[in-house]
Every structure is written in C-alpha cells, then in structure tokens.
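Report on one structure; see the data block that follows.
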Amino acid sequence: MPRPAISGHGVTARRQPFSAAVTGLGMVTAAGATAKATWHSVTQDTRPGGVRPHPELADLPCDFMYTSDLDTTEQLGVAAQRLMDRFSQLAVIAAREAIADARLDPETWDGSRVAVVIGSAHGGLPFYDQQSTAMAERGARRVSPKLAPLTVVNGAASSVCMDLGVRGPSLGVATACSSGTVALGTAHQLLRTGACDIAIAGGAESPISRLLIASACRMKAVSTRREDPAAACRPFDAARDGFVVGEGAGLLVLERPEHAAARRAPVRAHVSGYGASSDAYAAVAPDPEGKGIEQALRTAMADAGVRPGDVGHVNAHGTSTVVNDLIEATMLRRVIGEHPLVTSTKAMTGHTLGAAGGIETALTVLALEEQLVPPTANLDVPDPQLPLEIVRQQPRRASFDCAVKTSLGFGGHNAALVLTR
C-alpha cells in the first residue's frame with residue numbers, strides 16, 4: 001500500500017513502513033485471569049463482574065474499583081511474591097501467558113535479543129502506602145528496605161526480565177494513562193531499528209490506594225455511583241459521570257517479521273504504526289480541541305501507510321468522563337470519519353491507568369483476529385453529541401483489516417497505534 005501524503009498537524013513521518021508481528025497475548029484483568037477469559041467476558045457478558053466495594057476505600061465517595069480474583073501466590077510462590085508489588089506480579093503472570101501463547105521457550109532463546117517494555121502510571125503504590133502508614137504509626141525503623149525496588153515504575157519490567165532470563169533492553173514507561181500504549185510503540189521502534197528480535201510489551205497496574213482514590217474523588221474524575229458500582233463506568237453514555245479505577249496487566253509479544261517467519265510462529269496481527277504527542281496544555285485536562293491526540297493518530301496512520309477509509313475499528317480511550325469522551329469522539333470523527341466501529345472496553349475492565357493501553361491493544365488484536373467488535377457495556381443512552389458508530393448491547397460482526405488504538409494521559413501524553421491483519 002503506498003504511503004499517504006499527509007501534511008500539517010505536526011506529522012513529519014517519512015520512514016519506510018515497518019510492521020511488527022504480534023505472536024502472543026497475555027492478560028490479567030477484573031474481567032478474567034487470562035487473555036481468553038477476558039475476551040470472553042468483554043464480548044459475551046452484559047454487565048461487569050469484577051467491580052466491587054474495596055475495604056481500602058471505605059467511606060470514600062467512590063468506595064469501589066475493578067479487581068482481579070487471581071491469587072498470585074498460587075502462580076508465583078510466596079518467596080517470589082514477596083519480592084514484587086502486585087503490579088509486578090500481574091505483569092509476570094501476563095508475560096508468562098504471552099510467551100506461552102507465542103510458543104517461545106526462555107530456555108532456548110537468546111535472551112540478549114529480547115526486550116521488555118512495560119508501562120505503569122503509579123508503579124508499586126499500594127506498598128508505598130503501606131510503608132508510609134508503618135512509618136507514621138511505628139517509626140522509621142519499621143520501613144522496609146525493599147521500598148525502592150518494589151515501588152519504582154520499572155519494577156514490572158525488571159521482574160519480567162528476571163523471571164524469563166531477558167538480557168536485552170528493559171524499559172519502564174511512565175506517561176500516565178497512555179503508558180501501556182507508549183510502551184508498545186517504544187517496543188515497535190526497538191524492533192524497527194534492530195535493537196532486538198523479540199519484545200514483550202504493554203502495561204501493568206494495581207492502584208489499590210486509598211490516597212490515590214481520595215485524590216481522584218477530590219478531582220471529580222471518578223464515578224460516585226455507589227448504589228450500583230457495576231453500572232458506574234459508562235463510556236459515551238449521556239449519564240456518564242467519571243471513570244472507575246481498575247487493576248490489571250496486558251502484555252503482547254512483538255517480533256521482527258523475519259524472526260517470526262523463521263520459527264514459523266503463527267502471527268495474530270501486526271503493529272504497523274505508532275504516534276505520540278504532548279498537549280502542552282494542562283496537567284489534567286486534555287487539549288479541548290483534541291489537537292494532541294489528533295497529531296498522535298495522524299502520525300501513527302502515516303507511519304503505517306493507511307488512510308482514514310482503511311480503518312474499520314477503533315478501540316477508544318473512552319474513559320467515561322464527560323470531557324474526555326466528547327473530545328476524543330469529536331477528534332475521531334474529524335480524522336477518520338463516522339464509518340469505523342468504535343468501542344470502549346473500560347466498563348468491563350475498569351480504567352487500569354498505565355495498563356489500559358496494553359490490555360486494550362490486546363483486545364484490539366483479538367477483534368481483528370475474530371472479526372468481532374466488543375460492545376461498549378453500560379451504554380444505555382448514547383450521548384447525542386458524540387457522532388460515532390459506537391457498538392453497544394452486543395458484539396458486532398464485521399470485516400476489517402485495520403484497527404486503531406488511542407490513549408490519552410494526564411499531563412497531555414497522547415499515543416496511538418495502528419494494527420493490521
């Protein structure tokens with residue numbers, strides 16, 4: 001496909017197209033403990049089952065969140081579990097599933113040619129909260145010496161490297177809620193330059209933090225629909241009133257296409273384009289005209305060599321906030337048009353912050369593979385101001401070869417990926 005001549009909007013991509021092969025998926029979410037279970041829930045369940053009141057959040061205006069039922073001790077063992085905060089534990093479990101899905105064996109690969117790039121907005125925040133309480137109540141001598149290695153954002157990438165024997169580039173990405181998408185884009189670039197042959201990339205988050213949710217309540221960013229938590233997150237709905245935080249991990253195995261071909265690996269999809277930008281506007285609010293995310297999306301499309309008419313599906317950021325959904329929907333119509341089938345899967349998984357891009361890109365791969373677009377759960381009354389073809393109530397069968405994933409993060413961090421069959 002010839003590259004389109006796209007000018008303006010900060011788009012200057014002129015490189016030769018490069019498509020990284022997606023050969024493996026791994027997920028742990030409130031919707032399911034594996035990629036298969038999460039996909040089944042997102043496409044078949046009508047209401048989320050993983051959202052519930054949490055004791056850490058008692059008495060807050062938003063006292064509920066999306067959490068996974070997965071017992072990490074069973075999979076990791078007590079000794080290994082104690083060396084990781086929960087977000088790193090989820091990342092390791094998702095990484096194991098992803099490489100098994102890709103039919104890769106760490107015992108036989110060249111670990112120096114494997115990269116790990118994992119995004120997280122907050123890192124080991126729960127352990128940080130615990131240690132802050134310990135110091136306040138019992139003094140400095142009760143603070144764990146493991147505070148730094150367990151709470152740093154790069155902890156998930158480090159833990160995956162140690163678990164799988166990876167000795168290539170290892171990066172922790174922190175761009176708020178776009179972290180997982182930026183991590184995948186960074187992995188795409190590493191593969192493109194030949195810095196590695198395989199990359200394990202995506203996002204991980206476990207933001208079970210009273211302090212964080214209290215702040216989000218003060219910010220009026222989260223839903224306070226305490227009477228019915230399962231109905232609280234409702235992207236693109238006329239009655240939406242904020243997002244609901246969730247935990248999870250979503251990791252993909254990306255490979256240079258010749259590497260995947262040489263080992264005859266089944267290719268599930270391709271990451272064909274990446275774009276990122278900064279709003280330079282505000283610490284929390286996105287640019288009201290959506291210029292930043294538009295720039296990221298146009299850059300990704302130019303990088304992949306696709307035109308608006310080629311895009312058949314968009315997995316939107318779709319947080320369920322009044323402002324974000326309006327800005328994003330308006331931008332999508334302006335850049336791509338009304339024809340793509342749009343969904344937001346956050347009503348089933350929660351807003352997993354830095355993990356969202358990894359989880360939602362994995363779901364986009366499955367949508368391409370199955371030719372099935374998941375519905376946007378809890379979308380009872382579509383907001384008439386959002387001029388898009390948003391899938392709701394039940395999954396939609398469709399024929400499409402190209403899909404887009406968009407992400408926006410606090411601080412104005414935007415990212416977009418183009419995926420192709």
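The first residue of the sequence shown is numbered 1, and numbering continues consecutively from there.
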**Report entry** Candidate pair Arg96 and Asp163, rule salt bridge (Lys or Arg N to Asp or Glu O under 4.0 Å), full reasoning
**Finding:** CA-CA 9 Å; Arg96 289 179 179 178; Asp163 188 67; 2.8 Å; yes
Any heavy-atom pair between the side chains of [Y] and [X] that's under 4.5 Å?
X	Y	result
Arg47	Asp228	yes
Ile336	Leu297	yes
Leu363	Met27	yes
Glu328	Ile293	no
Leu419	Val404	no
Gln131	Leu150	no
Arg268	Leu25	yes
Val245	His351	no

Requested in this report: Apply the side-chain contact (heavy atoms from CB on, under 4.5 Å) test between Thr29 and each candidate in Thr34, Thr67, Ile359; give the one that qualifies.
Outcome: Ile359
Requested in this report: Going by the side-chain contact (heavy atoms from CB on, under 4.5 Å) test, name the single residue among Asp279, Thr299, Thr406, Thr181 that passes it with Asn414.
Outcome: Asp279
Query raised in the report: Do His188 and His270 have their ring centres less than 6.0 Å from each other?
Result: no
**Report entry** salt bridge (Lys or Arg N to Asp or Glu O under 4.0 Å) partner of Arg333, the single match among Glu338, Glu294, Glu389
**Finding:** Glu338
Can you tell me if [X] uses its side chain to pair, donor with acceptor, with the backbone of [Y] under 3.5 Å?
X	Y	result
Asp63	Leu60	no
Glu205	Gly354	yes
Lys405	Gly357	no
Ser407	Ala415	no
Arg240	Val322	yes
Ser120	Ala204	yes
His259	Ala21	no
Thr193	Leu190	yes
Glu56	Arg210	no
Ser159	Gly155	yes

Which atom of [X] lies closest to which atom of [Y], heavy atoms considered:
X	Y	answer
Gly248	Thr352	N-CG2, 4.2 Å
Leu368	Ala269	CD1-CB, 4.3 Å
Phe400	Ala403	CE1-CB, 4.4 Å
Phe87	Val153	CE1-O, 3.8 Å
Val342	Ala316	CG1-CB, 4.1 Å
Glu255	Ala265	OE2-CB, 4.4 Å

Identify whether the distance between the nearest side-chain nitrogen and carboxylate oxygen of [X] and [Y] falls below 4.0 Å.
X	Y	value
Arg52	Asp69	yes
Asp303	Arg192	yes
Arg392	Asp237	no
Arg234	Asp380	yes

Are there over 12 heavy-atom neighbours, none belonging to [X], within less than 6.0 Å of that residue's [atom1]?
X	atom1	answer
Glu370	CD	yes
Glu107	CD	no
His40	NE2	no
Gln44	CD	yes

Taking atom types as modelled and ignoring hydrogens, do the side chains of [X] and [Y] form a donor-acceptor contact shorter than 3.5 angstrom?
X	Y	result
Ser277	Gln295	no
Asn315	Thr343	no
Thr420	Ser272	yes
Asn154	Ser158	no

[atom1]/[X] to [atom2]/[Y] distance, rounded to the nearest 0.5 angstrom?
X	Y	atom1	atom2	result
Arg396	His313	CZ	NE2	11.5 Å
Met65	Cys233	CE	SG	12.5 Å
Tyr128	Leu211	OH	CG	9.5 Å
Arg167	Asp110	CZ	CG	6.0 Å
Phe243	Cys177	CZ	SG	6.0 Å
His317	Met331	NE2	CE	11.0 Å

Report task. Starting from the C-alpha separation in whole Å, work towards a yes-or-no answer on side-chain contact (heavy atoms from CB on, under 4.5 Å) for Arg113 and Ile198. Result -> CA-CA 7 Å; Arg113 296 295 300 165; Ile198 302 168; over 6 Å; no
**Report entry** Audit row: Leu191, Cys196, side-chain contact (heavy atoms from CB on, under 4.5 Å) steps and yes/no
**Finding:** CA-CA 5 Å; Leu191 290 161; Cys196 58; 3.7 Å; yes
**Report entry** side-chain contact (heavy atoms from CB on, under 4.5 Å) assessment of Cys402 paired with Val418
**Finding:** CA-CA 7 Å; Cys402 177; Val418 173; 3.7 Å; yes
Requested in this report: Please report the C-alpha distance between Arg263 and Leu104 in whole Å, then the side-chain angles of each, then the deciding distance to 0.1 Å, and finally whether the side-chain contact (heavy atoms from CB on, under 4.5 Å) criterion is met.
Outcome: CA-CA 10 Å; Arg263 66 183 192 87; Leu104 287 165; 3.4 Å; yes
